[in-house]
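Written out below as structure tokens is the structure these notes cover.
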Amino acid sequence: MSEASDMGLVVVGAAGRMGQTLIRAIHTIPGARVIGAVERADSPYLGKDAGELAGIGIINVPISDDPLPVFAKADGVLDFTTPASSVEFAGYAAQARIVHVIGTTGCSADDNARIAAAARHATVVKSGNMSLGVNLLAVLVEQAARALDADDFDIEILEMHHKHKVDAPSGTALLLGEAAAAGRGMALAGNDVRSRDGHTGVRKTGSIGFATLRGGSVVGDHSVILAGTGERVTLSHHAEDRAIFARGAVKAALWARGKKPGLYSMRDVLGLS
Ligand SMILES: NC(=O)C1=CN([C@@H]2O[C@H](COP(=O)(O)OP(=O)(O)OC[C@H]3O[C@@H](n4cnc5c(N)ncnc54)[C@H](OP(=O)(O)O)[C@@H]3O)[C@@H](O)[C@H]2O)C=CC1
Ligand SMILES: O=C(O)C1=N[C@H](C(=O)O)C[C@H](O)C1
């Protein structure tokens with residue numbers, strides 16, 4: 001049963017894997033309701049009911065290709081789409097002065113700068129992973145990296161995702177890399193090794209390596225390995241259901257409602273900062 005005070009949310013990319021998972025999640029969470037659903041102009045799903053597509057029955061929200069009128073009547077937007085689309089949606093969310101939760105990964109430095117600029121007017125929560133478990137893992141990784149010296153322990157990050165994923169390393173792997181770098185008191189940029197092939201030479205002390213696996217239907221597996229001489233510490237997270245990301249995104253939207261414009265992280269939302 002929805003209330004007049006419920007947060008009205010628009011799901012962009014409503015027909016996608018996360019879009020449909022979000023529609024189902026919002027349906028079960030008190031205080032939020034779906035008031036709009038957006039897809040690309042040439043989507044075969046335009047005009048279809050977003051609830052029916054997501055398998056929860058008709059919710060009287062047709063999928064539209066025109067974000068502006070939908071954003072104008074919304075309190076927030078949940079966005080798991082593509083980097084270019086998220087930059088565009090950030091501009092519209094800023095115009096409408098609403099909450100924008102961004103789960104999209106693979107954003108360039110330029111994309112992130114544009115989103116940060118939009119966050120002067122919109123309340124933006126952006127994270128490479130919206131789950132409680134991964135954000136707790138990031139805190140643990142930071143602590144472990146701080147406790148285990150770079151001269152004694154090498155940090156490698158391994159991730160596996162389904163065969164449809166288009167970006168690498170995953171947003172989560174990069175988030176965990178940032179946490180490890182913060183624990184070591186250094187920047188990730190310039191210390192990351194994103195792939196290895198051929199005669200690479202020996203490992204550079206203090207670098208953070210990434211390895212990417214893709215296949216099948218894996219929702220998302222991440223391991224941070226701290227490898228010493230004669231011992232290894234491995235900190236891992238295994239996502240079994242996309243609902244963990246969707247519930248985190250709705251939690252972020254409800255948390256951000258009424259907060260002043262700015263760029264926030266899931267660590268802020270979860271009180272783990
Ligand atoms: N932060 C987190 O916790 C998580 C992040 N993600 C990230 O979310 C993103 C989406 O993942 P996933 O759902 O698997 O991908 P999908 O490809 O299944 O879904 C993306 C959807 O967005 C649509 N879309 C693309 N551009 C636009 C646009 N301009 N306007 C409206 N709709 C658009 C796509 O349509 P079309 O297919 O027609 O192009 C598609 O339906 C990825 O970057 C992924 O890494 C995923 C899970 C968790
Ligand atoms: O594309 C996905 O599916 C996922 N993407 C995010 C990432 O890049 O880390 C989060 C999650 O692992 C699923």
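Whatever order the structure lists them in is the order used to number ligands and atoms, beginning at 1.
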query: Do Arg242 and ligand 1 have an N or O pair less than 3.5 Å apart?
result: no
- prompt: Under 3.5 Å, N or O to N or O, is Gly171 touching ligand 2 that way?
  reply: yes
- request: Please say whether Ser131 places an N or O atom under 3.5 Å from an N or O atom belonging to ligand 1.
  value: no
- prompt: When you look for heavy atoms under 4.0 Å from ligand 2, do you find them on the side chain of His222, its backbone, both, or neither?
  reply: side chain
- request: From atom 3 (O) of ligand 2, work out which of His162, Glu159, Lys165 has a heavy atom at the shortest distance.
  value: His162
field: Region of Thr105 that comes within reach of ligand 2 [heavy atoms, distance under 4.0 Å]
entry: side chain
- prompt: What residue and atom, counting heavy atoms only, is the protein's closest point to atom 9 (O) of ligand 2, and at what distance?
  reply: Thr172 OG1, 2.5 Å
message: If you measure every N or O of Thr104 against every N or O of ligand 1, does any of those distances drop under 3.5 Å?
response: no
field: Heavy atom of Leu175, distance to ligand 2 below 4.0 Å
entry: no
field: Heavy-atom gap Met130 to ligand 2 smaller than 4.0 Å
entry: no
task: Flag this pair as yes if the NZ/CZ of Lys259 is under 6.0 angstrom from the six-membered ring centre of Trp255 and inside a 45 degree cone about the axis; otherwise no.
output: yes
query: Does an N or O from Glu88, backbone or side chain, lie closer than 3.5 Å to an N or O of ligand 1?
result: no
- request: Using a strict 4.0 Å cut-off to heavy atoms of Met18, name the atoms of ligand 1 that fall inside it.
  value: 13 (O), 46 (C), 47 (C)
- prompt: atom 6 (C) of ligand 2: which protein heavy atom is closest, and how many Å away?
  reply: Gly128 O, 3.6 Å
query: Has ligand 1 got any nitrogen or oxygen that is less than 3.5 angstrom from a nitrogen or oxygen of Phe245?
result: no
- request: Report yes if some N/O of Met130 lies less than 3.5 Å from some N/O of ligand 1; otherwise report no.
  value: yes
task: Return a yes/no value for His161: is any of its N or O atoms, backbone included, closer than 3.5 angstrom to an N or O of ligand 2?
output: yes
- request: Can you pull out the closest protein heavy atom to atom 20 (C) of ligand 1? Residue, atom name and distance to 0.1 Å, please.
  value: Phe80 O, 3.7 Å
